[in-house]
Each structure stands twice: as structure tokens, then as C-alpha cells.
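This structure is in C-alpha cells; I'll ask about it shortly.
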Amino acid sequence: MDVVIVESPSKAKTINKYLGKGFKVLASYGHVRDLPSKDGSVLPDEDFAMAWDVDPKSQKRLNDIADAVKGASKLILATDPDREGEAISWHVLEVLNKKKALKGIPVERVVFNAITKSSVLQAMENPRALDKELIDAYLARRALDYLVGFTLSPVLWRKLPGARSAGRVQSVALRLICDRELEIEAFRSQEYWTIECDLKTGSAAQFAARIVTLDGKKLDKFDIPDKTTADSIVKRIKASHFRVKSVESKPTKRNPYPPFTTSTLQQEASRKLGFSASRTMQIAQRLYEGIELDGETTGLITYMRTDGVQIADEAIAQARTVINNEFGEAYVPSAPRIYKTKAKNAQEAHEAIRPTDLARLPAKVAKLLDDDQRRLYELVWNRTIASQMESVALERTTIEIEADEDKIGLRATGSVIVFDGFLRLYSEGRDDDTDDEEGGRLPKVAAGDKLGLHDTRADQHFTEPPPRFSEATLVKRMEELGIGRPSTYASTLQTLRDRTYVTMDKGRFIPDDKGRLVTAFLENFFTRYVQYDFTADLEEKLDKVSAGELDWKQVLREFWVPFKAEVGEAMELRITEVLDRLNDVLGVHVFPEKEDGSDARKCPSCEDGRISLKVGRFGAFVGCSNYPECRFTRQLTVNANGEGEATGDRTLGVDPDTGKPVLVKTGRFGPYIQLGEPEEKGDKPKRSSIPKSLGMTAANIDFEKALQLLSLPREVGLHPETGLPITAGLGRFGPFVLHDGTYANLESAEEVFTVGLNRAVDVIAEKKARGGKPRGPKALRELGAHPEDGKPVQIMDGKYGPYVKHEKTNATLPNDAEIDKVTLEEAVALIAAREMQTGGKKKKAAPKKKAPAKKVAPKKAAVKADDAEKPAKKVPVKKAATAKPATKKPAAKKAPAKKPATKAKPRAKAAAD
């Protein structure tokens, strides 16, 4: 029997059906080994030796594979056809060799671009060896990402508290977003005017023309700067006579777009379907793995991680047949279209993304797919078919018009579609609005024809700043610059969101202050490593490794030596040096000019203080140089008036009951409200934190809300059964009602101000009915049984958002995940990733051994966590010196057994790309 290894259990099941008896197909469930999230996983001083770690679940799967291989005649590695797939096969083979499980069994590597019976069977007939160069490229990238993350991130943590991490590609992508924001902030709008006329022919046909020359000079964009100039030109136009100077018509063609690559699919799905890059790849993965068709699981699209734009000859032939059948012979070009990739080095360039069977029209499979799958499949099908359709035939016409004895020149342009070609099926979306001066069809005129003036319009315009990046435009820009690889874009952008370095507003990236600080720090102290050219050059070197042109360890050496030196220099920097530099670099953003021209860095709270960047345990903020005498602080972000969210002391008003001032203050745990100042040492004025759940901040809280917060806890009423008071308040775990020692949570913070007696009694009764236990997380969806152990996998409603649960493992859902569309396969992948990150389930502690009753246990040295289950070594005990007999004391009580020291959790993984 031959053993075949693939990644996913669903793929294993499908391929096992294709191959039939004589084959056993097992799933690795993705990567089986990874670099542990701790120091020392890559050792540059030992020729970049890498220490791989296998999590408990992967270990079980590897054991199953090793057991299956023992009686096999052949091992076939059939993981995905890209670099990561090659790496998974290599990892499996390495582990099996270490286990000495192969014992001369032949090993083959097969790849297929689509999960269809014909593709898989054809791949089995054409095995090859593992691609050493592709594996070397994987090792180089993995080592680089680890070294950058685990070397640079600690520098950030020490010099810039509040920063989360840095990464080889992640930090450069963040710089793109921050640079665009700087462009927007530095932008100054400029006024300009355009003048357009509605002209009419002798047959009363109307068309529009725009002024292009004045007094023999070509008009540039800003040559009509104001209304006065525009009005004077309009006056001249109205007094003029118009004549056609020339007419030029020429035919043009517009060719279709090539089939999808990974990046163009992500871009177009973002524009047309509103999908994030990660969402697009999740849906594409499901389409690739397939659905049940005619009693057989069949993949609907080819592999979705590719740089290639070419498609197989048989797919081109099938596309031409479909075009002829669906649209007619006129839409089939005379020769097939052959596309070539424009990528610098498309190391993953298999086929483009296309349907596995182009005769499988979207309408035929629509009922078998959910809505998102249907829409993405239709997008892929339309793009593939359109790529082989006839070009669009256009006729572009330009009419030049003279007026006022040729002192005024007007131009009308129009474009008419003579044959719609591929546009009948597909038109690519646009990222941002662009000026399109081309009109539609123009009337038939000839040189010398006189024209009449129907109307003249002068329109005011203002230049606009460049738009912020959307996912589509950012992916496009990264690809243009050669930063990263399309297969990693989705995870890179998700990391930026997860680290809260950026926020999304109407589908656009906005850098958070934290992200801007990190970028400014890296640009000033690690300039080379966030330069676009350097990152692109490094990517090119890694591509050369995959092509067998460079040694991967040499690439690492050339990177590591100068990088390590710069890290050493940065570690010597004092935080004050870092802040001084950032004050200068971010000055325009943090301390914008004031409208009255006054000093932007003068402290608004004291007379002679200067505000500047400061850092605390929770990150950066703006504070006064006269601290602690002046405690003015504010956030980095400023509003349109140049004012930040002030967090220093300020008075909101005077409490009508006590006559004491109601103050906003800032403490170590954030802003809070305080009633009056302490009159004597030891006095504790009444205080209340400002809850974020109510949308309140130190800047926007008003006097009325502050009084409401100070009224807490408030008495709701007396319990009808006990006569004891029920109070409502805000606590550490949220809003609550309290009665006779029983706390019960309320659903929202707003309810604490409005909850009535009946509602409070019901909530308390419900809490007591549960035996005083808090309400557990609510299951939002049952996804099904885990394929490995049959235990349920659920989506739970957690305090900090929805998450996936399987037994004792909880995995957070991505921010953009839609609860009703998460699949069991996606959930299993999240759970597996979480278990790998945490090192699997905790081992049960060994049962405690009972000490002899009559002997006092000798004091033992602390046991290391790794040795917790090993038998303790005997400790030699010196014989006591001879002493006078003493009265017998009662046996000492047995000392409680010490628990073995728990193993320290590994440091969180530092932003791999």
C-alpha cells in the first residue's frame, strides 16, 4: 500500500476516493513543525541552525503517519504546489527520517494544481524529488522573519513602551500607510477653475467642449485660479463666434485583462465584493478544496496562491468553446491569447487562478454554494472567460474648435464603442475616482462648420489629497514595489490590524498613533530596513535562492552582520534621545501649528512649561516639561483645532449638593472623575472611573454625565422579600446590581443608570437560580464535530468578542470574520494554530506520593518544571553527632507536598510576516 500525505482532512478524503484501493491518504493539518516563540530558535553563530518544535497534536498526526509508513511500499508527498507546500513535505520527511520510520521505503513528491480526478491521477504518473532550492528559500524567509521579529521587537519594547512588534514585511507595509498619511497632512488644497461650453451644430445637435488655449497659450490646470479670471474668460466666450478647426477620428482597441493571480484576485474581490484579503483567501480555499458533484468531491478552481497568469492549453481551448456557445463566434478572437507574468520572479508561477472546468457555468453551481462562494466563483469564471474574448473596438474622436479669431481654443473628445468584446461579460473595477474627460458619441461635423453657443459654465474645483490605501490599492502598491509576496499579503495586513497599528474607516487604512511612532522610530534608527528598495532587493535575493542562483545561508549572513550591529547601537540609546528625535520627526503631527500663530508647544495648563512626547507603561503621550508640578497630559492625536484629548486636571462644574468642584483627573489606570480635593491628609474624595463602554473619554465627558458617575453606586430600591437595599454600580467586571452579598451582571453599562426594581429583582433571582455562578459564555453557533476526536466545535460569545472553542482550547476569531459564515475547516485551522502557539494542552500533574507518616520529609531543592515527573535524586544526609537521649517528641506532621514549578510561558511570537 502507498501512503499519500496532503494538508487537509477534506482533501485527504477526496483524493482517497480518486485513488481507490492500494492507497492510504493522511492529512498533516498544515505545518507540523515551527520555530518556537522564544529566543534561540535560530542561532546565527552556529551557521543559522534552526530548532524546530512539534506541538502535541501534530506529534500525534506524525505518529499516525509513521505507523502507516511502516507497512507501506511507497511514501508520496502530495502537499500544495507552492513554497509552503514544499516546506510541509520537507518537514514530514525530516521527522520520519529522525524516527527511522522509512527504512529504505522510496519517497516521491507529486504536485497538482487542481483537485480533480484527472489532475490528481496525472500528477501520480509524474513524480519528482523534493525541490531543494524551494526548501532553501523557505528556510531563508522563515529565519529572516524570526531574526527580525525576535531581535527588533525587544528594542521597541524597551525604547518605545506600548509598541507591540516589528516585522520584515509588516513594518514596510506600515510605513507605506504612514507615509500616505503624511502626504495627506502636508497637502494644501489649491483652487482652480474649468470652463465648459455647450455647443450646437447646424442640425441643432449639442455637445460639450472644454477650453484648452487662450491667446495662443495652452492652459494648464491652475491657469484659471479664481472666479474673477474665469468670469472674464466666460465674457469673452459669449461674445465670440465658433468654427470647427479640425476633426480627427481613429479606431482603437482595448484588450482584456489576464486571468487572476493571488494579488489581482485580492484586489478585485476587495473592489467588487468588499472582501478583505484574508476573507478572499478563505473562500478561495474552500472553492479549491471543492464540493460534492455527481457523487464525487470536485475542486471548483485551481490553486489560489500563484504569481502566474498563464493557463493550460486545454483550458484555453475549452474557454474558446464556451465563448462561442454563450456569446457567438464574433466574440472568439482569431488566435488564443497567451499571457506572460510581469512579476520580477514568479517563483510560485503555476497556472493562474481559473475554474477547473470552464463549462461549469456559475448558474449551474450557484445552488450548491453559499452566497460568498457563489460571488467569488462567478468573479473567477468571468475573468477567465473574458481573458480569452475578443478585444473591444472603439472609435475615438477629437474635435478642435476656434473662437474669437483663434484666440480661444476649445476641444471636444468622445469615444464610441463599435464592438463591446470582452466588456459584454467583464469590466475591471476602479480603486479611486479619476477624471475621465472622454465623453460619449459626438455629432458628425466637418472642418469649417460654424457652431452656435447654447450655454457656458465656469466650475470651481479644489485639488484633493491622495486617497488613503484600501486593501486593494495597498496590495497593488506592495506588488509594484516588490515588497513581500502575494501569498503573504493577507496575513501581513491582518497583523497590522491585530497589533492595532492601523484602524479601518470605510475600507481605508488609517495609521494609529502607535503605528506612526513605531514607523518613525524605525525610519530614524533602522532606516535601511524599512526602505522600499532594500526590502524589494532582499525579496529578489530570496527569489534567486528559490531559482538556485544564491546560497541561502550567504543571504542570511549578509543581512545579519550589519543588522546585529545596528540593533546593538540602538540598545545603547537613552529613551530621552529617542523622544527628542521623535519630537522633531513627528512635530507637525503631534504639535500642529495653531491658527493664531502662537507657540504650538506651549503648555496650556501652566505658564512656562513645554509639551513634548513622553512614554509610560501603556505607551506614548504628550506631557508637560514641568512635571510633577504640572500634570497636564494629552493623547498624541489632535483634532482640527490642534487640540488633543486633554487628560490633565480640569474642572467640569460645582456639585449642587456639596458645593465641591467636579474634577477630571488622570491616574495610573486612566482618567477618572473626582468630587473635590482632599481637605486633610488621608482624606479620600469620592471617585469614579470613566467607562469606555459608555463612549466616554476625558475629553468628551460633560458635567451631567460626571454627576451620574459620582452617584454610583445608587440605590435601586428595597428587595420585596428581604427588605434589604438593592444597589447598582460599575465594577471591575462591568455593570452590576448587588443585594445581600449577591452580585449579578447587567447587560450594558447604560442600564446601571436606568435599571428599575423589578428588573433588578429578576436579574438577582436568575443569578441565584444558577447557584450563584456567573452566566457562562453563550454558544452562538455549533460548527460540528472536530475531525480528529469528534468533540464539538463551537463559536462562543466572549467578553472580548466571539471566539472558537474546542474542549479546553479557545481561539480568537479574526476581526473581519462573519460569524454566520465561518466554516468548520476554518475553525479547526484556528484551533490548531492556537494549540501550536501555546504548546498544546497542559500536561496533568503527576499524582502526589504520600510521605511516610513518622518521618519528617527532608527539605528538597526546588524541582525544575522539565524534571517535575522524574524521580527525585536521593539527598545524602550526614549522621547526627552523638547526643544525650532526649524525651521522645510526637511525630511531626507531614509537610504539604510542593507543587512542581510550572513551566514559564514562552514569550508571545513577535510579528512574523
Side-chain angles (χ1 to χ4, degrees), residues 31 33-53 83-84 87 90-91 134-160 163-175 482-485 487-488 491-492 495-496 499 501 518-519 521-523 525-546 550-573 836-837 906-913:
H31 275 283
R33 299 195 303 181
D34 199 4
L35 296 173
S37 299
K38 61 182 180 182
D39 290 330
S41 295
V42 178
L43 300 172
D45 296 336
E46 297 180 21
D47 200 24
F48 298 96
M50 302 167 80
W52 301 99
D53 187 36
R83 185 181 56 239
E84 293 299 312
W90 175 77
H91 278 299
L134 213 52
I135 294 165
D136 287 348
Y138 160 78
L139 293 172
R141 288 175 185 275
R142 194 68 193 89
L144 277 172
D145 292 341
Y146 172 89
L147 289 172
V148 171
F150 276 88
T151 308
L152 199 50
S153 295
V155 180
L156 286 176
W157 300 336
R158 294 180 190 182
K159 307 301 177 184
L160 209 61
R164 297 284 297 277
S165 66
R168 183 176 62 86
V169 177
Q170 163 201 321
S171 298
V172 184
L174 179 59
R175 184 193 164 189
I483 297 169
R485 279 292 169 259
S487 59
T488 65
S491 59
T492 298
T495 298
L496 294 179
R499 300 281 187 267
Y501 284 160
V518 169
T519 298
F521 176 84
L522 295 176
E523 282 190 278
F525 299 104
F526 292 91
T527 309
R528 183 182 182 214
Y529 301 98
V530 287
Q531 287 178 341
Y532 304 139
D533 290 345
F534 174 82
T535 307
D537 288 344
L538 186 57
E539 287 291 347
E540 197 166 344
K541 288 181 180 179
L542 292 169
D543 290 343
K544 287 182 178 179
V545 171
S546 67
L550 278 178
D551 176 65
W552 70 282
K553 290 188 177 179
Q554 184 58 35
V555 172
L556 290 179
R557 289 186 201 101
E558 290 174 1
F559 173 87
W560 176 250
V561 174
F563 179 68
K564 183 182 179 183
E566 289 197 32
V567 168
E569 291 174 11
M571 291 298 277
E572 297 299 319
L573 290 169
M836 181 174 285
Q837 183 183 3
R907 190 172 66 203
K909 187 176 180 182
D913 292 301

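Everything numeric in this text was worked out from a predicted model, so none of it was measured.
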Q | Salt-bridge present (E558, K541; N to O < 4.0 Å) | A |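 Salt bridge between E558 and K541, a charged N being under 4.0 Å from a carboxylate O: yes.
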(Q) Holding to side-chain hydrogen bond (donor to acceptor under 3.5 Å, both in side chains), I want the full list of residues that pass it with R33, two or more places apart in sequence or in another chain. (A) H91
Q. Which residues pass the side-chain hydrogen bond (donor to acceptor under 3.5 Å, both in side chains) test with E539, sequence neighbours left out?
A.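 With neighbours one apart ignored, the set is R141, R168.
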Q) Residues in ring pair (Phe, Tyr, Trp, His ring centres under 6.0 Å) with F563, at least two apart? A) Y529, F559
Q: Could you pull out all residues at least two apart from K159 that satisfy salt bridge (charged side-chain N to carboxylate O under 4.0 Å, His left out)?
A: none
Q | Pairing residues for E46 by the side chain to side chain contact (heavy atoms under 4.5 Å, CB included) criterion, not counting sequence neighbours | A | L43, A49
Q: Using the test side chain to side chain contact (heavy atoms under 4.5 Å, CB included), find all partners of T535 that sit at least two apart in sequence or belong to another chain.
A: V172, I483
Q. What residues, two or more places apart in sequence or in another chain, satisfy side chain to side chain contact (heavy atoms under 4.5 Å, CB included) together with R557?
A. D47, F48, D551, K553, Q554
Q) What heavy-atom pair brings L35 and A51 nearest, and what distance separates the two atoms? A) CD2-O, 3.6 Å
Q. Heavy atoms, side chains only, cut-off 4.5 Å: are L522 and L152 in contact?
A. yes
Q.
Suppose we screen for side chain to side chain contact (heavy atoms under 4.5 Å, CB included). Which residues come up paired with M571, at least two apart in sequence or across chains?
A. V155, R158, V567
Q) Which of parallel (below 30°), tilted (30 to 60°) and perpendicular (above 60°) describes Y146 and F150? A) parallel
Q | Counterpart residues, ring pair (Phe, Tyr, Trp, His ring centres under 6.0 Å), relative to F526 (two or more places apart) | A | none
